[in-house]
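Encoded as structure tokens, the structure appears first; notes follow it.
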Amino acid sequence: MKKILLIGRKYEDGLESNFLQTVLKANFDCEILEMFPFKNLANSRILRFFFKLFANTKTIRAIVEKRIYSHISLSKYELIIFFTPAADYFSAKLVNACKSKSRFVIAWILDGPMTLPNTNFVDCDYDSIFLSDRGYLENLRGLTRAEMYPLSEGCRNIYNSIDDGASNDKVVHFGTLYTTRVIQIEEILKSGLDVDVYSGDYKPLLELKEKYPTSLQLNGPVFGITRDRVVRKALCVLNLQHPSSIDIINYRVFEVIGCGGLIATNGGSAVRRIFEGGGAIIFQTNEELIKELKFVLVNPEIAREHRKKALQIASENSLESRLKEILTILHSNKAKDTRYATNG
């Protein structure tokens, strides 16, 4: 059985973990090589401290790379994928070592330019580089050793139908509370709507909690089926693309539409293109967002139509389709490349 190795972070609901399940279903042997030894401490202070050391200390990065060398030396692979942030930090030497043990080695870059401080992937001899941010791809065109292709993340788990039961009137936020997201939540609360937050660190909202003790509910992070239940029952889930993103559809969008939820997101042409026929609340300002939220609150049939359309879009953007696209591009390029003429 052909083997695929995923190098990145191993934590629940991360792209690597979800892509692992996709690859296994496609009858490959697959595993995740956790780039750090603290795989069960995804939100811990220890991990954040270690990552800071890793990012700023060549010696630590060399130790981590040595661990990866040891692992890949034990097998031969059909494909090795470096995910973000691994592709941003690891050396060209490591990538070359991987190429000696794998038919294909690629990078899948999931972030925008400001969250990728090193951009080591630019100077590495990958077979291909896939970027979720189309704008970033255009900015890098002609600067990378490898060919680049646009490839958004995808839906990990697609439900067959929406939840036709009565949804609540809660606006939900998951994940990191950047300053822009805190401001957005405050504006929604001011408008009289209720917000439920699920985050590993909701300290930035403690002052707002005192001001809106009943309208703002603070909860720890939720994953998997529990998160899906929250999404399917909510009025909508908030999504604010990172300010450094140029033209990206982030993972939150796919996570929500795949389980039949309603996403409210800003974004550029990539977002507008995928939701051209509906399926989401698209906004550019907080004023637009609040207007749309109040509209779907009093018009639940509109929200249901969005959810149904979103499930259709999800079926066209599954992780299975992403795997097929990667393999199609790699095999097509290999057939054209004379470097592979003697080794199949």
Side-chain angles (χ1 to χ4, degrees), residues 4 6-8 15-16 19 35 55 61 79-99 102-154 239-254 265-276 282 284 313 316-319 321-341:
I4 294 179
L6 314 178
I7 299 178
L15 177 60
E16 295 93 327
F19 201 62
M35 60 185 286
R61 288 203 296 276
L79 172 63
I80 295 177
I81 304 178
F82 284 80
F83 289 87
T84 312
D88 189 46
Y89 287 97
F90 290 141
S91 67
K93 182 180 178 182
L94 177 59
V95 173
N96 288 336
C98 287
K99 292 188 74 172
S102 179
R103 190 180 190 193
F104 302 110
V105 179
I106 69 170
W108 194 354
I109 309 300
L110 308 172
D111 296 320
M114 288 189 68
T115 54
L116 297 166
N118 288 335
T119 60
N120 279 2
F121 63 91
V122 170
D123 197 40
C124 292
D125 192 22
Y126 289 104
D127 289 292
S128 295
I129 298 173
F130 296 86
L131 293 97
S132 61
D133 192 326
R134 290 171 180 262
Y136 190 27
L137 185 153
E138 291 303 322
N139 288 348
L140 289 173
R141 194 172 293 284
L143 300 177
T144 60
R145 288 181 177 272
E147 288 291 326
M148 297 183 295
Y149 302 90
L151 189 72
S152 298
E153 298 179 51
N239 182 59
L240 196 60
Q241 308 282 353
H242 192 280
S244 72
S245 301
I246 302 171
D247 191 13
I248 198 171
I249 305 173
N250 65 6
Y251 180 58
R252 183 75 66 225
V253 172
F254 295 112
T265 183
N266 66 335
S269 61
V271 169
R272 291 192 297 272
R273 183 168 53 251
I274 196 173
F275 294 115
E276 183 178 8
I282 310 297
Q284 294 303 324
I313 294 169
E316 299 164 356
N317 291 272
S318 65
L319 285 177
S321 70
R322 300 298 189 251
L323 175 61
K324 289 178 182 177
E325 186 171 353
I326 289 170
L327 295 176
T328 298
I329 288 173
L330 291 175
H331 285 97
S332 175
N333 287 347
K334 182 173 181 177
K336 298 174 186 176
D337 195 332
T338 57
R339 291 178 301 170
Y340 296 106

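What's counted below: heavy atoms across the whole structure, side chains too, no hydrogens, waters or symmetry copies.
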- line: In this structure, CG of L15 is separated from CZ of F254 (nearest 0.5 Å) by 10.5 Å
query: Should P85 and M35 count as side-chain neighbours, where that means a heavy-atom distance under 4.5 Å?
result: yes
statement: When every non-hydrogen atom of N266 is compared with those of Q241, the smallest separation belongs to OD1-N, 2.8 Å
Spacing of E153 atom CD and I248 atom CD1 [to the nearest 0.5 Å]: 7.0 Å
task: Please report the shortest heavy-atom distance between W108 and I81, naming the atom on each side.
output: CB-CG2, 4.2 Å
query: Are any side-chain N or O atoms of S102 and backbone N or O atoms of C98, one a donor and one an acceptor, separated by less than 3.5 Å?
result: no
- prompt: Counting only N and O atoms by type, is there a donor-acceptor contact under 3.5 Å from the side chain of R145 to the main-chain atoms of D123?
  reply: yes
task: List the steps and the verdict of side-chain contact (heavy atoms from CB on, under 4.5 Å) for F82 and N120.
output: CA-CA 12 Å; F82 284 80; N120 279 2; over 6 Å; no
task: Decide yes or no for I4 and I80: does some side-chain heavy atom of the first lie under 4.5 Å from some side-chain heavy atom of the second?
output: no
query: Counting only N and O atoms by type, is there a donor-acceptor contact under 3.5 Å from the side chain of D127 to the main-chain atoms of I106?
result: no
- prompt: Is it true that R141 and E138 make a salt bridge, defined as a side-chain N closer than 4.0 Å to a carboxylate O?
  reply: yes
- request: Verify, without hydrogens or angle tests, whether Q284 (side chain) and G267 (backbone) share a donor-acceptor contact under 3.5 angstrom.
  value: yes
Distance-minimising heavy-atom pair for S152 and R322: O-NE, 2.8 Å
- prompt: Which atoms form the tightest heavy-atom contact between A270 and D247, and what is the distance?
  reply: N-OD1, 2.8 Å
- prompt: Where do E16 and T84 come nearest, in terms of heavy atoms and distance?
  reply: OE2-O, 3.9 Å
message: As a test of understanding, state which of D125, V95, I7 forms a side chain to side chain contact (heavy atoms under 4.5 Å, CB included) with V105.
response: V95
- prompt: How close do L319 and G154 get, heavy atom to heavy atom, and via which atoms?
  reply: CD2-N, 3.6 Å
message: If we count only N and O atoms by modelled type, under 3.5 Å, do the side chains of N250 and N239 hold a donor and an acceptor together?
response: yes
